[in-house]
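Accompanying notes for the structure given below.
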Amino acid sequence: MASQDLVTPSAARRRIWTLAWPIILSNITVPLLGLVDTAVVGHLPDSRYLAAVTLGATLFSFLYWGFGFLRMGTTGLTSQATGRENDSEVRNLLGQSLLLAIGIGLLLILFSQPLIGLGLWLLDGSEVATGLAAEYAQIRILSAPAVLANYAIIGWFLGQQNSRVTLAILVLTNGVNIVLDLLFVVGFGMTSDGVAWATVIADYTALAFGAWLVSRQLKLLEGRFLRERLLKLAAYAKLFQVNANLFVRTLGLLFAMAFFTSRGAVQGDTMLAANAVLLQFIMLTSYALDGFAHAVEALIGRSVGRRRWDEFGAAVRSAAWFSLMTAATASLVFALGGHYLIAMLTSLPEVRDTAGSYLPWMVVMPLIAVWSYLFDGVFIGATATREMRNSIFVGLAVYLPAWWLTQGFGNHGLWLSFLLFALVRSAVLSAYFLHYRRTRWQSVPRTL
């Protein structure tokens with residue numbers, strides 16, 4: 001499609017959808033794997049194995065999420081290099097991101113014992129479950145280089161507007177994982193260790209597949225890998241700057257989620273379970289919103305690289321249209337069918353009733369949080385990651401005092417504080433966007 005055609009609303013929306021649907025579909029495969037893990041281990045004769053896998057999987061979800069900057073930073077920088085039609089830069093960004101990912105993965109293995117010990121201590125499971133979870137985690141950590149390298153590969157392809165690679169890699173990973181789960185646990189009689197080894201083998205299988213896809217793509221790119229770009233620390237300055245801000249931003253999000261969970265836990269097991277059910281509503285919404293955010297990352301980066309601000313505006317407007325439609329649909333579904341969804345997620349009457357009383361927060365949340373998803377995508381594509389980091393700091397500066405002041409309202413106060421966190425993040429990113437659209441992200445920037 002010619003670049004000038006991307007400024008029309010219909011063409012921009014088609015491009016957004018073309019990039020978004022594979023990501024949305026690949027996101028759906030993630031909970032499917034979790035369901036299979038639970039079903040396989042949940043049928044073992046002792047519940048401690050299920051508890052161990054749950055603890056271990058939770059630990060790695062947080063750990064690997066913390067290094068999600070390897071995907072996001074690579075996408076933003078690659079999309080801009082693609083927009084400048086700088087094949088050599090695209091090629092060397094892949095090399096830098098892979099070396100960084102593998103280096104971090106090896107460090108995680110090297111320091112695995114204290115990291116796993118600290119993580120499981122924070123999760124505070126039973127002694128027996130924690131012991132089995134530690135065994136599970138010592139196996140799972142072996143796949144760290146593969147997992148992080150796959151992040152870099154997915155980000156690199158997404159930066160070149162190829163989102164189908166994300167779907168292919170995740171479908172292969174989860175498909176192999178599910179087959180090996182059944183083979184090791186049901187066929188060979190292994191327990192939680194079998195689930196861990198299945199995941200490790202699946203991750204390295206995905207890396208081999210990703211490397212094959214990369215080798216094919218590299219044949220289409222001009223230029224070559226430059227030793228001074230890959231082996232000199234100074235050449236990583238831009239990548240480090242972008243990724244450092246994304247890392248801090250992600251830590252802030254992890255803290256916000258962990259704080260919410262912990263404050264719910266002190267209100268009792270029923271409240272903790274009810275909040276966990278409602279958080280699944282947020283996760284369901286995020287599967288779609290993330291797809292549109294990732295799509296706009298690639299388009300925004302390309303537009304910034306080409307200095308095509310008409311394409312930039314068209315991409316934002318189209319992604320906003322899809323995102324708002326998705327958020328509005330989610331709010332309507334939660335308003336009309338929220339109690340049915342809760343009943344699907346839990347059969348415990350007290351948890352159903354408790355979760356139902358906080359359902360109105362779920363109706364409001366998508367309409368508030370949608371802007372943070374959208375503008376995260378915009379700012380990642382523009383590699384304006386400092387602003388994303390700042391939005392987290394401002395959000396936390398409102399979130400924590402709001403929780404302190406509303407403790408008398410119990411769990412309603414906690415949900416109000418969490419909603420304010422999302423609102424402030426959206427407002428800060430929106431303000432940054434409007435300011436930069438007037439001053440930086442236009443054909444003739446105005447002097448201040």
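Once rounded to the nearest 0.5 Å, the distance linking OG of Ser318 with CZ of Arg15 reads 12.5 Å. Between the CG atom of Leu106 and the CG atom of Leu148 there is a distance of 9.5 Å, given to the nearest 0.5 Å. Note that CG of Leu423 and OG of Ser430 are 9.5 Å apart. Values are rounded to the nearest 0.5 Å. Once rounded to the nearest 0.5 Å, the distance linking CD1 of Ile116 with CD of Gln113 reads 7.5 Å. Taken from OG in Ser417 to CG in Leu400, the straight-line distance is 8.5 Å, to the nearest 0.5 Å. In this structure, the separation between CD on Glu297 and CG on Leu19 is 10.5 Å, given to the nearest 0.5 Å.
Residues Val266 and Arg263 have side chains in contact (heavy-atom distance under 4.5 Å, counting atoms from C-beta outward). Looking at Leu100 and Asn243, their side chains come closer than 4.5 Å, going by heavy atoms from C-beta outward. Counting only heavy atoms from C-beta outward, the side chains of Ile141 and Leu63 approach each other to under 4.5 Å. Put simply, the side chain of Met72 reaches to within 4.5 Å of the side chain of Arg249, judged on heavy atoms. Under the 4.5 Å side-chain criterion, counting only non-hydrogen atoms from C-beta, Phe260 is in contact with Trp415. Within the 4.5 Å cutoff, no side-chain heavy atoms of Trp371 are placed close to those of Ser323. Trp156 places none of its side-chain heavy atoms less than 4.5 Å from the side chain of Thr75. Between Leu419 and Trp361 the shortest side-chain heavy-atom distance falls below 4.5 Å.
Judged by distance alone, with hydrogens and angles left aside, the side-chain atoms of Asn177 form no donor-acceptor pair with the main-chain N or O of Thr173 at under 3.5 Å. For Asn390 (side chain) and Leu429 (main-chain N/O), no donor-acceptor pair under 3.5 Å exists by modelled atom type. Panel note: side chain Ser215, backbone Trp212; a donor-acceptor pair is recorded below 3.5 Å. Counting only distance, with no hydrogens or angles, the side chain of Tyr151 and the backbone of Phe69 share no donor-acceptor pair below 3.5 Å. Under a 3.5 Å cut-off, the side chain of Ser26 and the backbone N or O of Leu167 do not form any donor-acceptor pair. At distances below 3.5 Å, not a single donor-acceptor pair connects side-chain atoms of Asp87 with backbone N or O atoms of Leu221. Asn162 places no side-chain N or O within 3.5 Å of a backbone atom of Leu158 that could act as its donor or acceptor partner.
Nearest heavy atoms, Ser372 versus Ala369: OG-O, 2.6 Å. The shortest non-hydrogen separation linking Gly291 to Asn27 is N-ND2, 4.4 Å. Of all the heavy atoms in Ala382 and Trp441, the pair that sits closest is CB-CZ2, 3.7 Å. Between Gly73 and Leu246, the closest heavy-atom pair is N-CD1, 3.5 Å. Between Val296 and Ala315, the closest heavy-atom pair is CG2-O, 3.8 Å. Nearest heavy-atom pair across Met190 and Trp197 is CE-CD1, 4.1 Å.
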Chi angles and distances behind the side-chain contact (heavy atoms from CB on, under 4.5 Å) call for Glu311, Leu299: CA-CA 8 Å; Glu311 289 183 4; Leu299 295 180; over 6 Å; no

Please report the C-alpha distance between Met257 and Leu279 in whole Å, then the side-chain angles of each, then the deciding distance to 0.1 Å, and finally whether the side-chain contact (heavy atoms from CB on, under 4.5 Å) criterion is met. CA-CA 10 Å; Met257 295 296 296; Leu279 285 174; 4.2 Å; yes

side-chain contact (heavy atoms from CB on, under 4.5 Å) between Asp376 and Arg425, worked out: CA-CA 10 Å; Asp376 271 353; Arg425 278 200 68 225; 2.9 Å; yes

Leu254 vs Phe62, test: side-chain contact (heavy atoms from CB on, under 4.5 Å). Steps then yes/no. CA-CA 7 Å; Leu254 286 171; Phe62 279 96; 3.1 Å; yes

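Remark: Met344 CE is loosely packed, at most 12 non-hydrogen atoms of other residues, nucleotides or ligands lying under 6.0 Å away. Within a 6.0 Å radius of CZ in Arg164, other residues, nucleotides and ligands contribute 12 heavy atoms or fewer.
There is no side-chain donor-acceptor pair under 3.5 Å between Tyr436 and Gln442. Side-chain atoms of Thr205 and Asp203 form no donor-acceptor pair, as typed in the model, at a separation below 3.5 Å. Side-chain N/O atoms of Arg386 and Gln241 include no donor and acceptor closer than 3.5 Å. Of the N and O atoms on the side chains of Arg71 and His294, at least one donor lies less than 3.5 Å from an acceptor on the other residue.
The side-chain tip of Arg13 does not point at the ring of Trp17 from less than 6.0 angstrom away and within 45° of straight on.
With Ile153 as the partner, the side chain to side chain contact (heavy atoms under 4.5 Å, CB included) test is satisfied by one option alone out of Thr74, Leu70, Leu98, Leu213: Leu98. With Phe184 as reference, Ile201 is the one residue of Asp193, Val195, Ile201, Thr191 to meet the side chain to side chain contact (heavy atoms under 4.5 Å, CB included) rule.
Every pair passing side-chain hydrogen bond (donor to acceptor under 3.5 Å, both in side chains) that includes a residue from residues 76-86 is listed here, sequence neighbours excluded: Gln80-Thr383.
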Which pairs would a plain distance check flag for residues 225-236, meaning a side-chain donor or acceptor within less than 3.5 Å of a matching protein atom at least two apart in sequence or in another chain?
| unit_1 | atom_1 | unit_2 | atom_2 | d |
| --- | --- | --- | --- | --- |
| Arg229 | NH1 | Glu89 | OE1 | 2.7 |
| Arg229 | NH2 | Gln96 | OE1 | 3.3 |
| Tyr236 | OH | Leu230 | O | 2.7 |

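Between Trp403 and Phe259, the ring planes lie perpendicular to each other; the angle is over 60°, past the 30° to 60° tilted range. Between Phe281 and Phe334, the two ring planes are tilted [angle within 30° to 60°]. Between Tyr64 and Phe60, the ring planes lie tilted relative to each other; the angle falls in the 30° to 60° range.
With sequence neighbours left out, the salt bridge (Lys or Arg N to Asp or Glu O under 4.0 Å) criterion links Arg317 to no other residue.
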